[in-house]
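Just so we're clear, the structure is a prediction, and the values are computed from it rather than from any experiment. Chain letters run A, B, ... following the sequence lines, proteins first, then strands; residues in each count from 1.
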Amino acid sequence: SASQYDYEVYHSLEEIQSWMFEMNRTNPDLVDMFSVGKSYEGRPLYVLQLGKRSRPQKKAVWIDCGVHAREWIGPAFCQWFVKEALSSYKHDSVMRRLLNQLNFYIMPVFNVDGYHFSWTTDRFWRKTRSKNRKFHCRGVDANRNWKVKWCEEGASSHPCDDTYCGPYPESEPEVKAVAKFLRKHKKRVKAYISIHAYAQMLLYPYSYKYATIPNFNCVESAAQTAVSALYSAYGVKYRYGPASTTLYVTSGSSIDWAYRNGIPYTFAFELRDTGYFGFLLPESLISPTCTETMRAVKTIATGLLKKC
Amino acid sequence: YLYNNRYAGDQVFRIHPNTEEEVGRVKSILGHLKVDLWQPNSLSLIARNATVDVHVKSNDTLRLHTRLKQEHISYHVFITNLQKEIEKQTGYRSSRRRR
């Protein structure tokens with residue numbers, strides 16, 4: 001049951017999905033659950049909507065985790081966020097204000113087929129599990145498949161590469177489903193956050209070019225505040241800045257697409273660590289990693305309620 | 001064993017190419033092995049003074065050690081037995097709990 005669910009271990013896709021149903025069942029005032037579509041292998045793409053049903057056109061924040069299958073700390077954070085938001089609604093005035101004034105769309109596992117495959121077959125699988133007509137290799141990098149400068153620098157057109165952009169933009173059902181949802185709700189969604197690992201960075205557009213976004217000052221300030229909040233938990237340092245210069249140039253990424261789609265604040269978190277455990281972050285580090293990231297995400301959301 | 005013990009003996013190298021020339025040699029060395037790049041995600045993204053984390057199958061680790069030493073390229077192994085780390089990350093607890 002919800003109270004016995006262990007947020008400090010990694011969970012399989014089946015466990016996460018039954019946990020989502022349980023969150024939906026036990027929190028009728030604050031939670032709604034829906035599917036935005038089906039994955040390549042036909043699995044539902046579940047999303048939890050968190051927020052008080054106070055008024056229809058509330059501003060919203062979208063958070064997705066598990067775009068890359070092997071980055072298990074991502075889904076762990078999305079579950080942690082839901083747990084913290086619901087459990088602190090009554091006694092934390094900041095969280096209460098956020099859930100009263102905003103809706104949060106939480107997608108704990110974006111790449112459901114790949115995540116399932118990383119639990120059952122290949123722990124280091126990254127891509128989706130779509131088949132390619134001409135090559136034996138499977139999968140597309142779900143963070144190179146968005147319709148923004150698609151398949152240019154920093155992506156590969158070879159189906160066997162880990163950064164394969166796909167046969168065409170939004171070829172992946174998972175990408176198409178989320179893009180369709182965000183296009184439909186773009187007037188209300190004011191922040192898009194995608195959780196990845198590992199590198200300890202907070203990245204914002206552009207990924208595909210060395211240029212400055214029009215609302216740079218507001219986004220930079222939000223990132224700086226978020227990274228300071230993160231540091232305040234355990235003194236862990238995160239670098240932050242435009243993805244193209246802070247990490248490397250990549251095309252077809254979700255934060256660039258969301259930004260170009262009109263969402264003014266779009267971020268990619270690269271969670272712990274910087275390369276001691278890599279993708280194998282031990283379960284003992286789930287709690288501190290999620291606690292510090294929670295602080296950062298709360299400051300980003302709080303910033304949406306102010307004018308910049 | 002988890003994953004049928006398929007990662008027994010696999011290692012994860014952290015390579016530090018310091019010059020453009022070393023970047024070229026690292027790309028060439030890794031291009032001739034079947035490796036799983038952890039960071040960055042593709043050979044084309046390997047850059048000077050940026051670390052390269054690469055998962056190497058057990059039967060290729062010796063060859064990679066030899067090549068990197070021959071080329072005097074700075075590196076270290078940060079996961080010496082990948083299977084063991086995987087077991088540690090989720091371990092039998094989760095399968096026992098699942099049971």
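In this structure, NE2 on B:His55 lies 11.5 Å from CZ on A:Phe279, to the nearest 0.5 angstrom. Atom NE2 in A:His158 sits 13.0 Å away from atom OG in B:Ser42 (nearest 0.5 Å).
Not counting sequence neighbours, A:Cys290 has no partner by the disulfide (SG to SG under 2.5 Å) test.
The heavy-atom pair separating B:Leu37 from A:Arg70 by the smallest distance is O-NH2, 3.0 Å. What you find for B:Gln89 and A:Pro282 is that their closest heavy atoms are CG-CA, 4.3 Å.
Within a 6.0 Å radius of CD in A:Glu153, other residues, nucleotides and ligands contribute 12 heavy atoms or fewer. By the 6.0 Å contact criterion, NE2 on B:His76 is enclosed, its count of non-hydrogen atoms from other residues, nucleotides or ligands being greater than 12. Under a cut-off of 6.0 angstrom, the local environment of CG in B:Asn4 is sparse, with at most 12 non-hydrogen atoms contributed by other residues, nucleotides or ligands.
Of the listed residues (A:Leu280, A:Val249, A:Thr163), the greatest number of heavy-atom pairs within a distance under 4.5 Å of chain B belongs to A:Leu280. Interface summary for chain B: among A:Asp161, A:Thr120, A:Thr121, A:Leu247, the most heavy-atom pairs under 4.5 angstrom belong to A:Thr121.
When heavy atoms are compared at a cutoff of 4.5 Å, A:Tyr276 approaches chain B solely by way of its backbone atoms N, CA, C and O. Residue A:Asp122 touches chain B through both its backbone and its side chain, counting heavy-atom pairs closer than 4.5 Å. Neither the backbone nor the side chain of B:Leu43 comes within less than 4.5 Å of any heavy atom of chain A. Interface remark: A:Ser284 contributes no atoms to any contact with chain B (heavy atom separation under 4.5 Å).
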Next item on the list: Please report the C-alpha distance between B:Asn41 and A:Tyr248 in whole Å, then the side-chain angles of each, then the deciding distance to 0.1 Å, and finally whether the side chain to side chain contact (heavy atoms under 4.5 Å, CB included) criterion is met.
Entry: CA-CA 10 Å; B:Asn41 300 118; A:Tyr248 34 68; 3.0 Å; yes

Next item on the list: Would you sort out whether B:Ile86 and A:Phe124 count as a side chain to side chain contact (heavy atoms under 4.5 Å, CB included), showing the intermediate values?
Entry: CA-CA 10 Å; B:Ile86 290 174; A:Phe124 303 107; 3.8 Å; yes

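Scanning residues 7-36 of chain B against chain A with a 4.5 Å heavy-atom cutoff picks out B:Tyr7, B:Arg14, B:Asp36, ordered by number.
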